[in-house]
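Reminder, nothing fancy here: chain letters follow the sequence lines and each chain counts from 1.
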Amino acid sequence: MVTAPFTVVRSRAVPLLIPNVDTDVIIRVERMMSSDPDHLAKWAFESIRYDSSGAPREDFVLNDPEYVGSEILLAGDNFGCGSSREPAVWAVMGLGFRCVIAPSFGDIFAANCLTNGVLPVSLPADAAEQLAAGARRFEEITVDLPSQEIRLESRCWTFDIGRVHKLMLVDALDEMALAIRHLKTVERWEIRDHNERPWAWTQGRQAGMDLGEHSP
Amino acid sequence: MTLSPRTLVDKIWDRHVVEDMGDGWALLHIDRHLLHDLSGPGSLIDIKRRELGVGQPRQVLAIADHLVSTEPHRMAESSSVGSAMWAVLKEETDTAGIEVAGAEDPGQGIVHVAGPEQGFVLPGLTIICGDSHTCTNGALGALAFGVGSSQSAQALVTRVLLQQRPRQMRVTVTGTFGTATSAKDLALHLISTLGASAGVGYAIEYAGPVVTAMEIEQRLTLCNLTVELGAKFGLIAPDEKTLAWLEGRRLAPTGADWLEACAAWQSLHSEPGASFDREEQVDATGVDPMVTWGTSPEHAVPITGTVPLPSDAANSDQARSWSEAQDYMGVAGGKSLIGTPIDWVFIGSCANSRLSDLRAASEIVRGQRVPDEVTAWVVPGSEQVRREAEKEGLDRVFVEAGFAWRRSGCSLCVAANGDRVPSGARCVSTSNRNFVGRQGPGARTHLASPVTAAAAAIAGRLVDPRQI
Ligand code: SF4
């Protein structure tokens, strides 16, 4: 669920440039039974963030105090691949990130980011490397959604985002609310479909439809 | 007016656009919806909290799979983790009027095994589930994809989702499979050669003579692993085999509806000349039994091959991830995997737990014996698969060889129900993910086909199944 509008974010960025970080690594299955952001943040990336005794690994970038308060995560190729678990996005949010930049994302993870008001930005690998170099020097990165730009010092990269998602992020609109606005059109589509493809409906040709029963 | 030739995906997509939102985005109608016990309760609670209702409950099927116990005499309460989630799933689906199956029901199974098996999944439909392996269902010619729990909640209420038309890739498979080689090996071969992110943003259609020749269960396996290639959709055009497989299943259409459906499905294929954004060709003749050495499904090699050396990686990030994976797995670059002693074998998961998988594995273990130091499990993909296998006596073949024969569920594929491979133990698994800790914290997973896993169970070490 989207909580705050997204316009411009400027902060240090955490360079976590490991390829194929899967959502099992982002949050283990047994930590998902609670959706409390603090709980999820505590256990985020646990298999690479803590050692076998449970102590934070000093060489792991998320444990570096220099990055406390960062709102931007710089990730490797195919970040968030694997399971569709939405708590992976909630864990990333729980750590304070509002934007993730990577050469590519797991498709479902990227969709889950957008649903939750987190901006996933795909940039070519060379841009990601330049940003990472800056991030390692603790330079601040600017993510400007209205102008669809990422800026670091004098360099600037543009990125793509669908028009509808841009509007939803900027205005903190919820996808559910958007779809509900179209419910009448959906109902008309379904009535027509029920005649054209009766086989597609489990209740078959004869039974009535449940349309409108729970119209919000 | 002449229309340019359309692909299978184009045809299903265009049929389901309720509202065009511009730039290739659309509100896409979702025909059917599967719920499971891990992600389903959250979606249903979300709806309740917003004081909304489920719009088309009869188009939804809920099954407990991730968190159920797989013990032989299980009940709903046998899984301490699962029973609370099951209680929510049961209560909320009952309130909404959604059919639900739990640990004690004959229709229970892994959603992507039981959904097709019960005729809930049909060609030409759009289907979602809060689960990334929903792409499995594309094997029947459906546009099926995984979503998060928020989008699942949205679709339960509104039956539409905001979706972007995917880029399209066709993978054409020619040649013939060699001995002891199957769809699982083909999938691991594709992931290891194309890479785990090759499919990001794509829908992948599998085609060609090998795919046409495949039985439906093998097609389900192939489509299952599509998400490990990075794509959220994988599909195969329905054909006579698909229709024969579906006819008479519990929820499949009947009578006039069935005939009408079959007529509609005739045109569900990519037309000659339809264009794809990317085309890949693969010759199945050159595919060997595959096994993974690392912690991504792309870390796969032929069983006769060697683990790659980090010094041969394409760049420093890959080199580092290879050496970390090798440390985690306790394998060495440059070495063969054959002969590596193993501790566990898991035959199960929505990748490979259907009747034909169990039959293939049983042929290897019949009359053989698993060494004492190896724990070997068979977890059928559904209760129907279990009953059918028991009718054929497969349970006895496995049990006499020293395997545990369990009840259906996700079990060791995701280790969410209490079933776990111990830390440091090495498991040959027919599942689809070898991620760090996937089978339990510290567990080491080698993905393989049912035949390769069965051969390893008998040998107590990784072996070439063709040598058995
Ligand atoms: S068997 Fe494994 S991959 Fe399949 S649905 Fe269950 S947890 Fe997911």
What's the shortest heavy-atom distance between [X] and [Y], and which atoms?
X	Y	answer
A:Gly82	B:Val227	O-CG2, 4.4 Å
B:Gly124	A:Arg197	O-NH1, 3.6 Å
B:Gly437	A:Arg28	O-NH1, 2.9 Å
A:Trp199	B:Leu125	CZ3-CD2, 3.9 Å
B:Val200	A:Phe105	CG1-O, 3.3 Å
B:Ser132	A:Ser84	N-OG, 3.4 Å

Closest-packed option against chain A by number of heavy-atom pairs under 4.5 Å, given [options]:
options	result
B:Gly230, B:Gly195, B:Gly201	B:Gly201
B:Asp131, B:Thr134, B:Thr295, B:Asn432	B:Asp131
B:Pro41, B:Gly199, B:Ser197, B:Pro253	B:Ser197

State whether the side chain of [X] and the backbone N or O of [Y] hold a donor-acceptor pair below 3.5 Å, judged by distance alone.
X	Y	answer
B:Arg159	A:Val186	no
A:Arg163	B:Met21	yes
A:Glu175	B:Leu161	no
B:Gln59	A:Thr202	yes
A:Asp24	B:Phe435	no
A:Asn78	B:Ala196	yes
B:Arg32	A:Ala200	yes

Between [options], which shows the greatest number of heavy-atom pairs under 4.5 Å with chain B?
options	value
A:Gly106, A:Pro103, A:Ala110, A:Ala179	A:Ala179
A:Thr23, A:Val29, A:Asp22	A:Asp22
A:His165, A:Glu46, A:Glu30	A:His165

In the structure I gave you, are the side-chain heavy atoms of B:Val157 and A:Met176 within less than 4.5 Å of one another anywhere?
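Answer yes - side chains close enough.
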Proximal component of [X], with respect to chain B [non-hydrogen, under 4.5 Å]:
X	value
A:Leu178	side chain
A:Ser104	side chain
A:Ser83	both

Side chain to side chain contact (heavy atoms under 4.5 Å, CB included) between B:Leu162 and A:Met168, intermediate numbers included
CA-CA 12 Å; B:Leu162 185 58; A:Met168 289 198 306; 3.8 Å; yes
Is B:Asp317 in contact with chain A via its backbone, its side chain, both, or neither, using a 4.5 Å heavy-atom distance?
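For B:Asp317, heavy atoms of backbone and side chain both lie under 4.5 Å from chain A.
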B:Ala415 versus chain A, the contacting section by heavy-atom distance below 4.5 Å:
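Interface part for B:Ala415: backbone (N, CA, C, O).
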Please step through side chain to side chain contact (heavy atoms under 4.5 Å, CB included) for the pair B:Gln151 and A:Ile108, ending with a clear verdict.
CA-CA 10 Å; B:Gln151 287 205 323; A:Ile108 306 173; over 6 Å; no
So, applying side chain to side chain donor-acceptor pair (under 3.5 Å) with A:Glu86, which one of B:Ser150, B:Ser43, B:Ser39 is it?
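When B:Ser150, B:Ser43, B:Ser39 are each tested with A:Glu86, the side chain to side chain donor-acceptor pair (under 3.5 Å) holds only for B:Ser150.
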Does B:Asn315 have more than 12 heavy atoms from other residues, nucleotides or ligands lying within 6.0 Å of its CG?
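Check passes, neighbour count above 12.
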